[in-house]
Amino acid sequence: MTKPLVVDLPHTLGVEEAKRRMQGSMGKLKDHIPGGTADVSAEWNGDRMHLIVNAMGQEVSANIDVMETVVRVEVMLPGMLSFFGSQIQGYLQSVGGQLLEDKSKPNSKS
């Protein structure tokens, strides 16, 4: 079994606001997955989201823990995608911050 890929996304939003923004961004997640036919399902259990993404014949699962100052993403990559772990990690770091942004409120800064 492979080790999970772990990415920490620091923030200053607090738990509830970070969760709210993540929930609001879930619909946009498909836009960041190549192939255009991704199936994304998410289930919350307290401050943890379990995420499953099926795309291009691959299934990726992740646990996302929302904490006061960090969102920790632990992704289990299937064998074929594990070769691209460092690229995927860098992509999650850059896109993850964007998904926490609240673009529905003008000049929103927390």
Side-chain angles (χ1 to χ4, degrees):
M1 185 170 173
T2 61
K3 288 176 40 178
L5 184 138
V6 179
V7 176
D8 285 338
L9 304 170
H11 65 84
T12 58
L13 304 170
V15 173
E16 293 306 314
E17 182 63 12
K19 283 175 62 176
R20 184 189 73 77
R21 291 185 187 191
M22 287 176 60
Q23 289 167 340
S25 297
M26 287 309 298
K28 301 172 194 165
L29 186 58
K30 290 182 181 183
D31 298 340
H32 296 279
I33 300 170
T37 59
D39 179 38
V40 178
S41 64
E43 181 179 306
W44 284 93
N45 183 8
D47 294 336
R48 172 176 270 203
M49 179 197 310
H50 181 68
L51 181 70
I52 297 176
V53 178
N54 287 294
M56 298 175 12
Q58 300 291 314
E59 180 176 287
V60 176
S61 65
N63 286 315
I64 303 169
D65 293 301
V66 181
M67 296 170 265
E68 192 66 27
T69 60
V70 70
V71 172
R72 173 164 286 167
V73 181
E74 294 184 11
V75 181
M76 291 303 296
L77 295 173
M80 289 296 286
L81 290 178
S82 65
F83 293 111
F84 303 102
S86 60
Q87 292 94 332
I88 292 170
Q89 184 174 20
Y91 185 74
L92 287 173
Q93 288 170 329
S94 67
V95 171
Q98 294 173 20
L99 293 175
L100 284 172
E101 289 179 12
D102 187 358
K103 296 184 179 163
S104 66
K105 294 180 182 178
N107 300 323
S108 139
K109 291 190 180 184
S110 295

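Keep in mind that this is a model prediction, so the values were computed, not measured.
- Legend: residues meeting side chain to side chain donor-acceptor pair (under 3.5 Å) with Asn54, ordered by chain and number and at least two apart, are absent.
- In this structure, Val53 is a member of the same hydrophobic cluster as Trp44, with clusters built from ILVMFWY side-chain heavy atoms closer than 4.5 Å.
- Side-chain contact between Asn45 and His50 is absent, with no heavy-atom pair separated by less than 4.5 Å.
- Considering all non-hydrogen atoms of both residues, Met22 and Val66 come closest at SD-CG2, 3.6 Å.
- With Asn63 as the partner, the side-chain contact (heavy atoms from CB on, under 4.5 Å) test is satisfied by one option alone out of Arg48, Met49, Arg72: Arg48.
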For residues 86-93, dump all side-chain donor-acceptor pairs below 3.5 Å to protein atoms at least two apart in sequence or in another chain.
unit_1, atom_1, unit_2, atom_2, d
Gln89, NE2, Val6, O, 3.2
Tyr91, OH, His32, O, 3.2
Tyr91, OH, His32, ND1, 3.4

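- Atom NE2 of residue His11 and atom OG1 of residue Thr69 lie 6.0 Å apart, to the nearest 0.5 angstrom.
- Note that CE of Met76 is 14.0 Å distant from CG of Leu51, once rounded to the nearest 0.5 Å.
- Every residue two or more places apart in sequence or in another chain that forms a side chain to side chain donor-acceptor pair (under 3.5 Å) with Asp47 is listed here: Lys19.
- Within the 4.5 Å cutoff, side-chain heavy atoms of Pro78 are placed close to those of Val60.
- A distance of 6.5 Å separates CD in Glu74 from CG in Asp65, rounded to the nearest 0.5 Å.
- Across Glu68 and Val15, no two heavy atoms sit closer than the pair N-CG2, 3.4 Å.
- Residues Glu17 and Arg21 are paired through a salt bridge, judged by an N-O separation under 4.0 Å between the basic side chain and the carboxylate.
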